[in-house]
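Please read these numbers as outputs of a predicted model, since none were measured by experiment.
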Amino acid sequence: GINAEYGRRIAAQMGIWEDFQNERQAYDDALKKSDEENEKEKTKAMMACEKQHTAMLACLKNPGWFNFCWKESEEFWGCFRKHRGFLQFRTSMIRRRDQGQKSAPASNQSEGS
């Protein structure tokens with residue numbers, strides 16, 4: 001609709017539309033992979049961002065009144081997004097949810113037997 005088109009124009013002007021499309025494509029591609037493949041890719045991204053993840057967790061253990069760990073969180077999630085291609089952590093959960101909306105998974109039908 002009109003609002004979606006307006007949003008696309010604003011995003012394009014801000015230079016983020018292409019980033020969004022690339023991230024969405026990486027996410028869609030991940031949904032086509034097995035849970036094992038996705039877990040390996042997530043682990044590789046976590047290993048690449050270990051320093052940022054450790055700093056974020058250390059900060060979150062002792063946040064201050066004016067320190068909400070924004071910098072540390074932004075650094076970690078930016079690194080994770082760069083190495084993973086998108087922010088979604090649990091593709092298997094999303095895949096099962098989406099399949100459940102389309103039709104009941106075959107495993108649920110046989111569980112009562």
Side-chain angles (χ1 to χ4, degrees):
I2 293 172
N3 288 337
E5 181 58 32
Y6 179 73
R8 278 190 215 92
R9 276 194 238 145
I10 296 297
Q13 289 172 354
M14 293 173 59
I16 60 173
W17 183 246
E18 187 174 330
D19 289 342
F20 168 77
Q21 288 179 315
N22 291 338
E23 188 167 332
R24 181 61 199 205
Q25 184 61 53
Y27 174 73
D28 288 344
D29 291 346
L31 288 178
K32 297 172 189 169
K33 295 177 183 176
S34 71
D35 290 347
E36 293 79 21
E37 288 176 297
N38 278 308
E39 192 61 32
K40 284 179 187 177
E41 290 181 3
K42 182 179 86 173
T43 299
K44 284 170 60 175
M46 290 295 292
M47 290 173 60
C49 303
E50 183 177 3
K51 179 181 168 188
Q52 295 88 341
H53 189 241
T54 301
M56 181 185 74
L57 293 179
C59 181
L60 290 170
K61 284 184 180 179
N62 297 304
W65 280 99
F66 298 103
N67 179 16
F68 297 106
C69 305
W70 296 117
K71 178 180 172 248
E72 293 82 359
S73 294
E74 188 175 286
E75 287 175 359
F76 167 67
W77 288 111
C79 179
F80 186 83
R81 175 183 263 151
K82 175 183 167 192
H83 289 278
R84 182 73 168 111
F86 59 95
L87 286 179
Q88 183 65 42
F89 228 36
R90 302 194 184 278
T91 52
S92 59
M93 185 186 310
I94 299 298
R95 186 182 307 112
R96 283 192 292 273
R97 183 204 67 199
D98 291 348
Q99 287 173 345
Q101 289 176 351
K102 294 175 187 170
S103 63
S107 61
N108 286 349
Q109 295 170 356
S110 62
E111 284 178 5
S113 307

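Contact detail for A48 and C79: the closest heavy-atom pair is O-SG, 4.0 Å. Of all the heavy atoms in Q52 and F76, the pair that sits closest is CB-CA, 3.6 Å. Pairing each heavy atom of A55 with each of E72, the nearest pair is O-CG, 4.0 Å. G85 approaches E23 most closely through the heavy-atom pair O-CG, 3.4 Å.
Ion pairing of D28 with K32 is absent here, as no side-chain N (NZ or NE/NH1/NH2) approaches a carboxylate O to less than 4.0 Å. Salt-bridge annotation for K71 and E75: present, with a side-chain N of the basic residue lying under 4.0 Å from a carboxylate O of the acidic one.
With values rounded to the nearest 0.5 angstrom, D35 atom CG is found 10.5 Å from K42 atom NZ. The line from OG of S73 to NE2 of H53 is 9.5 Å long, rounded to the nearest 0.5 Å.
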(request) List the steps and the verdict of side-chain contact (heavy atoms from CB on, under 4.5 Å) for F86 and R81. (result) CA-CA 5 Å; F86 59 95; R81 175 183 263 151; 5.8 Å; no
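In this view, E41 and K33, N38, R84 satisfy the side-chain contact (heavy atoms from CB on, under 4.5 Å) rule, not counting sequence neighbours.
In the hydrophobic cluster analysis, where Ile, Leu, Val, Met, Phe, Trp and Tyr join through side-chain heavy atoms closer than 4.5 angstrom, M56 is grouped apart from F68.
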